[in-house]
Amino acid sequence: MKKFCALVMALVLTVLSAGCGGSSGASGEGEFAGQTLRVYNWGEYTGENLIANFEAATGARVVMDIFDSNEQMYIKVANGEAYDILVPSDYMIERLIQEDMLQPLDKSKLNCMDLLVDEVKGLPYDPNNDYSVPYFWGTVGIVYDTEKVSLEDLEAEGFNIFLDEKYKGDIYLYDSERDSFMMALKALGYSMNTNDQAELEAAYNWLLQCVNTMEPEIVTDEIIDSMAQGRKALGLIYSGDAAYIMSENPQMGFFMPESGTNLWSDAMVIPKNAENPDLAHAFINYVSSYEGAMDNSSYVGYTSPNKEVMEELSGEGGDYEGINAYTPQRDNANDEVFAYDEETRKVISELFSKVKIAASNAG
C-alpha cells in the first residue's frame with residue numbers, strides 16, 4: 001500500500017494476463033491440483049500475492065476477469081457466463097438473490113465466519129449470510145484538505161458543504177449516480193433508500209444547484225491521486241481511497257456527516273452455474289483467513305472484514321494507525337446499506353444523466 005501507485009500497474013498486468021487465461025503459477029500439488037477457479041472481481045482489488053499463494057496452497061489455477069461496475073458484471077452473468085466466484089456490492093447481491101442467480105453457501109465447508117467483525121455480517125441484503133461472505137467494506141465520506149477546509153464547516157454543514165460557495169471551483173463530485181443521490185438525500189435529511197418521488201426530485205434539484213453554482217469536477221478514480229496531491233479542497237470519496245490519500249498526504253482528512261452515509265459491503269458469492277463450487281468455498285476461506293485478508297487489505301487499502309487484520313492495520317504500528325478512513329464508522333444510526341429497487345434505480349439513473357448534462361452545460 002505504501003507504494004500503491006507504483007504497484008498498481010504491475011497488479012493490473014497480472015490480473016489482465018490471468019483474465020486472458022494466464023496463471024500466477026499453480027504448483028500442481030494440493031487438494032485441488034489440476035482444477036481451475038474462475039473469479040470475476042473489481043480491478044485493482046486483489047492482494048499482491050493472494051492469487052499466487054492460493055494457487056500454491058491448493059494446486060488450483062485461478063483465472064480472473066475484472067469488471068468496472070456491478071451492472072457490467074450483472075449483464076455478463078445474466079447472459080450465462082460461468083464463474084465460480086463473483087464479488088458484487090450489497091444491492092447487487094440482493095438483486096442476484098431475488099432473481100435466483102446464486103447458490104446457497106454450504107456452511108459446512110466454511111471455517112471463516114467467526115473470524116469476521118460482527119458489523120459486516122447479517123446485513124439486510126443477506127441477513128443470515130446464506131449466500132455471501134464479505135470481501136471488503138467501508139463508507140462514503142468527504143476527503144478534505146485540512147489547511148483549506150475547517151472541521152467546524154464540515155460539522156455544521158455535512159454534505160451541504162458541497163453547496164457552500166466558499167469552496168466554489170474547489171470540489172470533486174464522484175461520478176456515481178447512487179452515491180451522488182445518497183449525498184443529496186442525506187444532506188436533505190432523507191433516507192438514501194427512499195422511493196418517494198418528491199424526495200428524489202428534491203435530491204435532483206440539490207445536485208442541480210451544486211453543478212450550476214459550484215463548478216465541481218466530476219471524476220472517478222482520478223480523485224485519488226488528485227487529492228493526494230492536494231489539487232482541490234474537498235471531494236466525495238470511498239473510505240478506502242481516502243485511507244490511501246491520507247497515508248500519502250498527512251494534510252488530508254476524512255469526514256463522515258452526522259446525517260449518515262452509505263455503509264457498503266462487497267462480498268463473495270457463488271453463482272448457480274458455477275462449475276467448481278468446492279474450490280469456490282476454499283477460495284472464500286482463504287480470502288477470509290488472516291493470511292489472505294492481510295495481503296488483500298494491506299495492499300489494496302480497503303477495510304478488511306477480518307477482525308484481527310482490521311485491528312492490526314489500524315492499531316499501533318499498523319499501516320493505517322491514526323487514519324480514521326480505514327476503520328468504518330459503526331455507531332451512527334443514520335448510516336444505511338443500499339437496498340435494491342429496480343424502479344427507483346431507473347429514476348435515479350435518468351435524473352443523474354440530466355445532472356451530468358447540466359454540469360456539462362455549466363462548464
Side-chain angles (χ1 to χ4, degrees), residues 11 15 39-47 50-51 64-74 76-77 83-97 101-102 105 110 112-113 115-127 129-141 174 176 178-179 182 192 220-221 224 237-244 261-271 280 283-289 292-307 309-310 313 325-330 335-340:
L11 174 62
V15 171
V39 179
Y40 203 17
N41 198 358
W42 301 86
E44 302 175 18
Y45 219 45
T46 308
L50 184 117
I51 298 302
M64 182 178 292
D65 290 344
I66 60 175
F67 57 84
D68 297 323
S69 70
N70 284 288
E71 287 66 31
Q72 179 188 7
M73 179 277 304
Y74 173 83
K76 200 167 184 180
V77 173
Y83 290 98
D84 300 301
I85 290 282
L86 309 174
V87 190
S89 300
D90 33 46
Y91 74 94
M92 184 54 69
I93 295 172
E94 184 174 7
R95 179 178 186 178
L96 294 171
I97 293 171
M101 294 173 67
L102 302 180
L105 298 170
L110 296 177
C112 58
M113 296 306 293
L115 305 176
L116 309 180
V117 294
D118 290 338
E119 290 83 358
V120 80
K121 294 187 287 188
L123 295 175
Y125 61 88
D126 186 13
N129 288 102
D130 290 328
Y131 295 92
S132 65
V133 174
Y135 184 92
F136 279 135
W137 65 305
T139 57
V140 175
Y174 203 83
S176 161
R178 296 184 71 89
D179 290 308
M182 177 281 296
M192 69 186 198
T220 53
D221 290 345
I224 302 171
I237 198 166
Y238 293 107
S239 55
D241 294 334
Y244 166 70
T261 186
N262 171 15
L263 179 64
W264 61 264
S265 173
D266 294 340
M268 296 171 282
V269 299
I270 303 177
F283 185 78
I284 291 171
N285 282 330
Y286 180 74
V287 170
S288 304
S289 69
M294 177 60 78
D295 188 358
N296 251 1
S297 191
S298 61
Y299 186 79
V300 178
Y302 277 83
T303 308
S304 176
N306 181 294
K307 186 174 188 293
V309 170
M310 186 184 76
L313 288 175
Y326 180 79
T327 306
Q329 173 177 279
R330 292 178 279 176
D335 291 342
E336 297 179 82
V337 175
F338 270 126
Y340 175 70

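Just so it is clear, the model here is predicted, and its values are computed rather than measured.
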Does the separation of the ring centres of Tyr302 and Tyr238 fall below 6.0 angstrom?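 Centroid separation for Tyr302 and Tyr238: 6.0 Å or greater.
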Can you establish whether the number of heavy atoms outside Lys121 located under 6.0 Å from its atom NZ is more than 12?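 Check passes, neighbour count above 12.
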So, for [X] and [Y], which heavy atoms are closest and what is the spacing to 0.1 Å?
X      : Y      : answer
Pro88  : Asn70  : CA-OD1, 3.5 Å
Leu115 : Ser289 : CD1-CA, 4.1 Å
Leu110 : Val133 : CD1-CG2, 4.2 Å
Ala267 : Pro134 : CB-CA, 3.8 Å

To the nearest 0.5 Å, what is the distance between [atom1] on [X] and [atom2] on [Y]?
X      : Y      : atom1 : atom2 : answer
Tyr125 : Ile93  : OH    : CD1   : 4.5 Å
Met92  : Met101 : CE    : CE    : 9.0 Å
Arg178 : Asn262 : CZ    : CG    : 8.0 Å
Ile237 : Thr139 : CD1   : OG1   : 10.5 Å
Tyr326 : Leu313 : OH    : CG    : 4.0 Å
Met73  : Asp68  : CE    : CG    : 12.5 Å

Can you sort out the partners of Glu94 under side chain to side chain donor-acceptor pair (under 3.5 Å), two or more places apart, ordered by chain and number? none
Partner set under side chain to side chain donor-acceptor pair (under 3.5 Å) for Asp90, not counting sequence neighbours: none
Only one of Val120, Asp126, Thr303 clears side chain to side chain contact (heavy atoms under 4.5 Å, CB included) with Ser265; which? Val120
Given Val269, Asp130, Asn129, Ile270, the one that forms side chain to side chain contact (heavy atoms under 4.5 Å, CB included) with Leu105: Ile270
Decide side-chain contact (heavy atoms from CB on, under 4.5 Å) for Tyr45 and Ile66; before the verdict, give the C-alpha distance in whole Å, the side-chain angles of both, and the deciding distance to 0.1 Å. CA-CA 9 Å; Tyr45 219 45; Ile66 60 175; over 6 Å; no
Between [Y] and [X], is there a side-chain heavy-atom distance shorter than 4.5 Å?
X      : Y      : answer
Phe283 : Leu50  : yes
Thr46  : Val300 : no
Trp137 : Val117 : yes
Glu119 : Pro328 : no

Checking Lys76 against Phe67: charged group under 6.0 Å from the ring centre and within 45 degrees of the axis? no
Would Trp264 and Leu123 count as a side-chain contact (heavy atoms from CB on, under 4.5 Å) here? Give the steps. CA-CA 10 Å; Trp264 61 264; Leu123 295 175; over 6 Å; no
Over 60° means perpendicular and under 30° means parallel, so classify the ring planes of Tyr340 and Tyr91, tilted if in between.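 Judged by the thresholds at 30° and 60°, the geometry between Tyr91 and Tyr340 is parallel.
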On the 0 to 90° scale, with breaks at 30° and 60°, tag the Tyr83-Tyr40 ring pair as parallel, tilted or perpendicular.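 Aromatic pair Tyr83/Tyr40 classed parallel.
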Looking at Ile284, is its backbone amide N or carbonyl O close enough to the side chain of Ser288 to form a donor-acceptor pair, meaning the two atoms are under 3.5 Å apart? yes
Ser89 and Trp42: side-chain contact (heavy atoms from CB on, under 4.5 Å), yes or no, with the steps? CA-CA 10 Å; Ser89 300; Trp42 301 86; 3.6 Å; yes
Go through the steps to decide whether Asn296 and Ser304 satisfy the test side-chain contact (heavy atoms from CB on, under 4.5 Å), and finish with yes or no. CA-CA 8 Å; Asn296 251 1; Ser304 176; over 6 Å; no
